[in-house]
Visitor: 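The structure under discussion is supplied below as structure tokens; questions concerning it will follow.
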Amino acid sequence: MNKMNNMNVISKANEAWKTGQRAEAIHILETENELKQDDELIRVLIHFYVENKQFKAAIELIRDQPAKFIEQKNTFRDYFEALVQTKIFSLARKELFNYYEETTPDLKKYLNFLENQENEYAIAFPKTVKENERDFYHLGDKKVIQQAAVIEKAYYLPWSNFKRAAKFNLVDPFLNQITRVSILKDLVLMRLEEPVRFIWIDEKEYEVFPKDLLGTDEMWKKIKKAIENYNDPVQSEMLQQQAELLYELSYPFSKRVLPTSEEWLTALKKQFFEGKDIKAFKELNQIMINLFEE
């Protein structure tokens, strides 16, 4: 019954839209969406937002949905359009490569459109681009709690400016490791093909190719599954939180800390349940202490 009612609401909104009553069509869907959630209704509302140039409203509504929501082709197209039109260029690139895992004609078409929009923006607003890039360059000067906002702002940069500042941050000794890892993972998802230098937990620089780091981490999958199957759900949740943070900090060389999932699990349990000092975690633990002291 609810499904039938939703279809009637969508049909009513479509009729209003076709007769030029765009505000009324959107109002009909917004009102119904406040009463009950329905994927198809939300998809139509997002599309109407984009067609009506209410790009921020479309983005906000999409972000309220599960990650898989944009897997539907038309919804992704609307999301990508909204990101580009609001000048969130680097996030648009990240989402584009996340959606298209392999090169396709559609990917090339979207990428060409994105790059043209970036070039036009860089020419029209050079001062804004320069200011945003400068803020991203100086990310290490900010407190940890402020860095997320700076990175969010950096997503508005064209790709050439974003990657230049991002590469600097990867070797900035004053930047905390968790943020450095986050930026490297962004470059991985954005399919950067050229090598970058990266300061790892031993404070040494290594050359890595972000594109080569794409793919599922099988060792982490095994660790996570074993923790989820732990017989005490409270301890399982606590262990998972600690494991995620330590493992994230060790990226992209987790096997240099401990080479197998079994060794990681044993060490995690000894440290967090038995209070033992784990030599392999010494650098990771110190980074965590420094992070919480900032």
Side-chain angles (χ1 to χ4, degrees), residues 67 90-91 93-95 97-98 101 136 139-140 142 144-145 147-148 150-152 154-155 162-163 165-228 237-269 271-272 278-294:
S90 288
L91 181 57
R93 174 178 291 269
K94 179 179 171 180
E95 296 287 11
F97 281 116
N98 188 46
E101 295 181 358
F136 195 23
L139 186 62
K142 304 288 185 182
V144 174
I145 198 170
Q147 289 175 0
V150 177
I151 294 173
E152 193 73 24
Y155 283 142
F162 181 92
K163 70 177 179 180
K167 287 165 74 174
F168 172 79
N169 281 312
L170 296 183
V171 291
D172 180 359
F174 300 105
L175 189 63
N176 71 80
Q177 193 66 20
I178 198 78
T179 303
R180 193 181 290 127
V181 166
S182 173
I183 293 170
L184 177 58
K185 286 191 168 186
D186 270 349
L187 295 177
V188 170
L189 293 174
M190 293 175 189
R191 309 276 180 93
L192 179 64
E193 296 185 359
E194 61 203 65
V196 297
R197 304 292 296 176
F198 176 77
I199 296 178
W200 194 50
I201 60 173
D202 58 3
E203 299 182 353
K204 295 178 182 178
E205 284 189 23
Y206 296 88
E207 183 177 84
V208 295
F209 285 80
K211 194 176 179 183
D212 292 346
L213 299 175
L214 271 171
T216 305
D217 188 330
E218 292 300 325
M219 188 163 78
W220 171 245
K221 281 179 66 178
K222 290 178 182 178
I223 295 170
K224 187 177 179 182
K225 186 175 181 180
I227 293 174
E228 287 172 350
E237 185 176 348
M238 290 172 55
L239 186 61
Q240 173 131 343
Q241 290 173 355
Q242 297 297 325
E244 283 180 355
L245 184 51
L246 286 182
Y247 200 85
E248 180 83 356
L249 285 170
S250 70
Y251 183 86
F253 305 127
S254 303
K255 288 185 177 180
R256 294 186 186 181
V257 176
L258 289 167
T260 67
S261 59
E262 290 78 13
E263 287 172 278
W264 265 90
L265 278 166
T266 300
L268 286 164
K269 289 177 182 178
Q271 174 162 300
F272 295 108
I278 305 300
K279 185 178 179 181
F281 289 166
K282 182 180 178 181
E283 291 161 325
L284 294 171
N285 288 332
Q286 188 58 53
I287 290 170
M288 287 178 65
I289 292 169
N290 295 342
L291 191 63
F292 292 125
E293 287 179 346
E294 286 194 25

Visitor: Of the non-hydrogen atoms in Asn169 and Gly140, which two are nearest, and what is the gap between them?
Guide: OD1-N, 4.5 Å
Visitor: Taking the side chain as every heavy atom from C-beta outward, state whether Lys167 and Arg197 have any atom pair closer than 4.5 Å.
Guide: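 They are not in side-chain contact.
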Visitor: How many angstroms lie between NZ in Lys221 and OG in Ser261, if you round to the nearest 0.5 Å?
Guide: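 Going from the NZ atom of Lys221 to the OG atom of Ser261 covers 12.0 Å.
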Visitor: Indicate yes or no: at least one non-hydrogen side-chain atom of Lys224 is less than 4.5 angstrom from one of Glu228.
Guide: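 Heavy-atom side-chain distance check passes, below 4.5 Å.
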Visitor: Is there a side-chain contact between Ile151 and Phe136 (heavy atoms, below 4.5 Å)?
Guide: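 Yes, close enough: below the 4.5 Å cut-off.
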Visitor: State whether the side chain of Gln147 and the backbone N or O of Lys142 hold a donor-acceptor pair below 3.5 Å, judged by distance alone.
Guide: yes
Visitor: For a quick test of reading the model, state the closest non-hydrogen atom pair linking Glu194 to Phe209 and the distance between them.
Guide: C-CD2, 4.3 Å
Visitor: Please check if any side-chain donor atom of Asp217 sits under 3.5 Å from a side-chain acceptor atom of Tyr251, or the reverse.
Guide: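 No, no side-chain donor-acceptor contact under 3.5 Å.
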Visitor: I'd like to know whether Leu139 forms a side-chain contact (heavy atoms from CB on, under 4.5 Å) with Ile183, so could you lay out the CA-CA distance, the side-chain angles of the two residues, the decisive distance to 0.1 Å, and finally the verdict.
Guide: CA-CA 11 Å; Leu139 186 62; Ile183 293 170; 3.7 Å; yes
Visitor: Give a yes or no on this: more than 12 heavy atoms of other residues, nucleotides or ligands lie within 6.0 Å of atom CD of Glu101.
Guide: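 It does not: Glu101 CD has 12 such atoms or fewer within range.
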Visitor: Mark yes when over 12 heavy atoms from residues, nucleotides or ligands other than Lys185 sit less than 6.0 Å from its NZ; otherwise mark no.
Guide: yes
Visitor: Asn176 vs Asn290, test: side-chain contact (heavy atoms from CB on, under 4.5 Å). Steps then yes/no.
Guide: CA-CA 9 Å; Asn176 71 80; Asn290 295 342; over 6 Å; no
Visitor: Do Met219 and Trp264 have side chains that get closer than 4.5 Å, going by heavy atoms?
Guide: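 Yes. Closest side-chain heavy atoms under 4.5 Å.
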Visitor: Where do Pro210 and Leu192 come nearest, in terms of heavy atoms and distance?
Guide: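 The pair with the smallest heavy-atom distance is CB-O, 3.7 Å.
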Visitor: Would you check if Phe272 and Leu246 make a side-chain contact, meaning some heavy-atom pair closer than 4.5 Å?
Guide: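 With C-beta onward as the side chain, the pair touches.
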Visitor: State the CG-CD1 distance between Leu258 and Ile278, to the nearest 0.5 angstrom.
Guide: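 With rounding to 0.5 Å, CG (Leu258) is 8.5 Å from CD1 (Ile278).
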Visitor: Do Leu249 and Val181 come close enough that some side-chain heavy atom pair is under 4.5 Å?
Guide: no
Visitor: Nearest 0.5 Å, what's the CG-CD distance between Leu170 and Glu205?
Guide: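 Rounded to the nearest 0.5 Å, the CG-CD separation comes to 10.0 Å.
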Visitor: Please find the pair of heavy atoms, one from Leu245 and one from Met288, that lie closest to each other, and give the distance.
Guide: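 Taking every non-hydrogen atom into account, CD2-CE, 3.5 Å.
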Visitor: Output the distance between atom OG (Ser182) and atom CD (Gln177), rounded to the nearest 0.5 Å.
Guide: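 Here the interatomic distance stands at 11.5 Å.
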Visitor: Between Glu283 and Glu203, is a side-chain contact (heavy atoms from CB on, under 4.5 Å) present by the stated rule, with each step listed?
Guide: CA-CA 10 Å; Glu283 291 161 325; Glu203 299 182 353; over 6 Å; no
Visitor: Any chance you could measure Ser90, atom OG, to Leu189, atom CG, to the nearest 0.5 Å?
Guide: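 Here the rounded value is 12.5 Å.
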Visitor: Using a 3.5 Å distance criterion without hydrogens, assess whether the side chain of Thr266 forms a donor-acceptor pair with backbone atoms of Glu262.
Guide: yes
Visitor: Provide the closest heavy-atom pair for Arg180 versus Leu175 in the form atom of the first, atom of the second, distance.
Guide: NH2-O, 2.7 Å
Visitor: Over 60° means perpendicular and under 30° means parallel, so classify the ring planes of Tyr155 and Phe162, tilted if in between.
Guide: parallel
Visitor: Calculate, to the nearest 0.5 Å, the distance between atoms NZ and CG belonging to Lys282 and Asp202 respectively.
Guide: 13.0 Å
Visitor: Which residue in the set Lys94, Arg93, Lys163 passes side chain to side chain donor-acceptor pair (under 3.5 Å) when paired with Asp186?
Guide: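 Testing Asp186 for a side chain to side chain donor-acceptor pair (under 3.5 Å) against Lys94, Arg93, Lys163 leaves exactly one candidate, Lys94.
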Visitor: Are Ile199 and Asp172 close enough that some pair of their side-chain heavy atoms sits under 4.5 Å apart?
Guide: no
Visitor: Should Gln271 and Asn285 count as side-chain neighbours, where that means a heavy-atom distance under 4.5 Å?
Guide: yes
Visitor: Can you give me the closest heavy-atom contact between Lys211 and Glu193, atom names plus distance?
Guide: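 Smallest interatomic distance, heavy atoms only, reads NZ-OE2, 3.2 Å.
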Visitor: Report the C-alpha separation of Phe281 and Val257 in whole Å, then their side-chain angles, then the decisive distance to 0.1 Å, and conclude whether the side-chain contact (heavy atoms from CB on, under 4.5 Å) test is met.
Guide: CA-CA 7 Å; Phe281 289 166; Val257 176; 3.9 Å; yes
